[in-house]
Chemist: 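Encoded as structure tokens, here's the structure I'll be asking about.
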Number of protein chains: 2
Amino acid sequence: MPRAKGREPLTLVRIVDAALALVDERGLDALTMRRLGGVLGVDPMAVYYHVADKRTLLGHLVDAVFADLDPPAGIEDWREQVRAWARAYRDLALAHPNLVLQLFSYREAVAAAAARADPPLRAAVGASGLPPADVEAAGDLVVDYVHGYVLGEASAPPAARGDGTGFEAVLDLIVTGIEARALTSSTTPRRRRAKQPAR
Amino acid sequence: MPRAKGREPLTLVRIVDAALALVDERGLDALTMRRLGGVLGVDPMAVYYHVADKRTLLGHLVDAVFADLDPPAGIEDWREQVRAWARAYRDLALAHPNLVLQLFSYREAVAAAAARADPPLRAAVGASGLPPADVEAAGDLVVDYVHGYVLGEASAPPAARGDGTGFEAVLDLIVTGIEARALTSSTTPRRRRAKQPAR
DNA sequence: ACCTGAACACCGTTCAAGT
DNA sequence: ACCTGAACACCGTTCAAGT
């Protein structure tokens, strides 16, 4: 039984766990291939056997965080579904404040997560009675608002993190907007849109 | 007249201009103190005479970009004021896509820019007839939505940048929400807010 | 006053080598 | 199959020295 004693072998999940802990506890800059080898008790270059380079390692971190996202089910009212979705997404991101910038800027990882996480949101918004064109805008609004909110919270010093009442007030406003739009567009034609500037 | 010939002396603005050009043309990672010295035709360490360290240099870049923000004036309708503000802010940020992450995560610089740029937005939202408590939420919604939108656009490959119609559709929705909320809150008491989750 | 150049303590990554 | 260790080409920053 070789390897029965001594440390267990490196695996991708052990690497990702250690890297995430490093980022959470000491910041993104503290994640160094060499330091990572150190906390894993291994030669710094051993990680390269399991991971192509640092960028793909960061991709794995983002995947791991997004994997924890599962929007709550069993809610009837579409308004509460939208709110619950937004809260779950916010909490997911704020669980790793030092990683949020990576989280929202890694195109591929965000797209993959969206494929899993977005449909419930879109379904909830769709149940409001909005016409399809507005469903897209409303979903985008929720997603982008959460991104913006989380970005602000994550870059604030931990002591100054908000209590979430502002977040709830904005959700109220978004829901009100969807309701109002759903009503007006079922009775009157879509209102004219202001023309865009050149660029 | 010493220095009449030879290159002109380094200044902070020359340094910031060169650094911004480097970031715009070659990405954030290309901004290196050594490379910056190179494009300025100077010893890499000369920059340190004018700037404490790289972090404060980045702060100067953020300041320089935000300095270009002046929301359009002379608009009557609050709805168009809100839209114009959001477009101006978006365009400002997307003019330097490689810097947006820094742009929105440098607390102090954002706060300073906000002090100049925010009041017109808050005034516009205030003119909608919303009660003060909702004015804050509505302003936050616009700011955070633009942040989220820009973050998504900036991390998309240039070819895939949107045409802005999605942005306009969301602005419509936000304005609709503000209008609806202004109407209902002038006639009925504020609707009950869903209670918050533990964390 | 303003810039230079050597030096220090780091990086990410490669590659041949060990077991 | 999995890990090591030397090596390479970079980093940011300090500090004494030049003009």
Side-chain angles (χ1 to χ4, degrees), chain A residues 1-63 98-99 101-102 105-106 109, chain B residues 1-63 98-99 101-102 105-106 109:
Chain A
M1 50 199 311
R3 173 188 305 138
K5 66 176 55 177
R7 55 177 197 278
E8 63 267 54
L10 231 43
T11 61
L12 184 57
V13 302
R14 276 188 62 217
I15 291 171
V16 168
D17 285 352
L20 201 49
L22 220 36
V23 171
D24 285 343
E25 289 160 22
R26 308 180 50 187
L28 194 58
D29 289 347
L31 177 57
T32 264
M33 298 303 272
R34 296 169 127 97
R35 191 138 38 190
L36 183 56
V39 313
L40 287 165
V42 106
D43 184 279
M45 300 306 114
V47 174
Y48 281 96
Y49 183 79
H50 301 269
V51 149
D53 56 16
K54 190 176 181 179
R55 195 186 142 78
T56 81
L57 173 60
L58 280 169
H60 285 300
L61 295 200
V62 174
D63 288 342
N98 297 331
L99 200 68
L101 259 57
Q102 300 294 327
S105 52
Y106 261 80
Chain B
M1 52 201 309
R3 171 186 307 136
K5 66 175 51 175
R7 54 175 199 279
E8 62 268 54
L10 230 43
T11 60
L12 184 57
V13 302
R14 277 187 63 216
I15 291 171
V16 169
D17 285 352
L20 201 48
L22 220 37
V23 171
D24 284 343
E25 289 160 22
R26 309 181 49 188
L28 194 58
D29 289 346
L31 177 57
T32 267
M33 297 304 271
R34 295 169 127 96
R35 189 140 38 191
L36 183 56
V39 314
L40 287 166
V42 105
D43 183 281
M45 300 305 115
V47 174
Y48 281 96
Y49 183 79
H50 300 270
V51 148
D53 56 16
K54 190 177 182 179
R55 195 186 142 76
T56 80
L57 173 59
L58 280 169
H60 285 301
L61 295 200
V62 173
D63 287 342
N98 297 332
L99 200 68
L101 259 55
Q102 300 294 327
S105 50
Y106 261 81

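Below, chain A is the first sequence line, B the second, and so on; all start at residue 1. Worth saying up front: this structure is predicted, and the values here are computed from it rather than measured.
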Chemist: Expressed as a whole number of angstroms, how long is the span from A:E8:CD to D:dC2:P?
Modeler: 14 Å

Chemist: Can you list the residues that meet the side chain to side chain contact (heavy atoms under 4.5 Å, CB included) rule with B:D53, with sequence neighbours excluded?
Modeler: B:R55, B:T56

Chemist: Output all residues satisfying side chain to side chain contact (heavy atoms under 4.5 Å, CB included) with A:I15, sequence neighbours left out; order by chain, then residue number.
Modeler: A:L10, A:L36, A:L40, A:V47, A:H50, A:L57

Chemist: Counting heavy atoms from C-beta on, name the nucleotide in D:dC3, C:dG5, C:dT14 closest to the side chain of A:Y48.
Modeler: C:dT14

Chemist: Nearest whole angstrom, please: distance from the P of D:dC3 to the CE of A:M45.
Modeler: 14 Å

Chemist: Side-chain donor-acceptor contacts of residues 19-31 of chain B below 3.5 Å, not counting sequence neighbours, with atom names and distances?
Modeler:
from	atom 1	to	atom 2	distance (Å)
B:D24	OD1	B:H96	ND1	3.0
B:D24	OD2	B:H96	ND1	2.9

Chemist: Would you give the length of the straight line joining atom CG of B:D43 to atom OH of B:Y49, rounded to the nearest 0.5 angstrom?
Modeler: 15.0 Å

Chemist: In whole Å, I'd like the distance from the CG atom of B:L40 to the P atom of C:dC3.
Modeler: 10 Å

Chemist: Heavy-atom contacts under 4.0 Å between residues 23-34 of chain B and DNA chain D, which residues?
Modeler: B:L31, B:T32, B:M33, B:R34

Chemist: Under the criterion side-chain contact (heavy atoms from CB on, under 4.5 Å), I'd like the reasoning laid out for A:V51 against A:H60: C-alpha separation, chi angles, the key distance, then a yes or no.
Modeler: CA-CA 9 Å; A:V51 149; A:H60 285 300; 4.2 Å; yes

Chemist: To the nearest angstrom, how far is B:L12 atom CG from C:dC2 atom C1'?
Modeler: 15 Å

Chemist: How close do B:P44 and B:R34 get, heavy atom to heavy atom, and via which atoms?
Modeler: CB-CA, 3.8 Å

Chemist: Where does DNA chain C pair, written as one dot-bracket string 5' to 3', with Watson-Crick or G-U pairs under 3.5 Å, ( ) inside the strand, [ ] for crossing pairs and | for another strand?
Modeler: ||.|||||...|||||.||

Chemist: Given C:dT4, D:dC3, C:dG12, which nucleotide is nearest the side-chain atoms of A:P9?
Modeler: D:dC3

Chemist: Mind listing the residues from residues 49-60 of chain A sitting with a heavy atom below 4.0 Å of DNA chain C? Number order is fine.
Modeler: A:D53, A:K54

Chemist: For the pair made of CG in B:L36 and P in D:dT13, what is the distance, rounded to whole Å?
Modeler: 12 Å

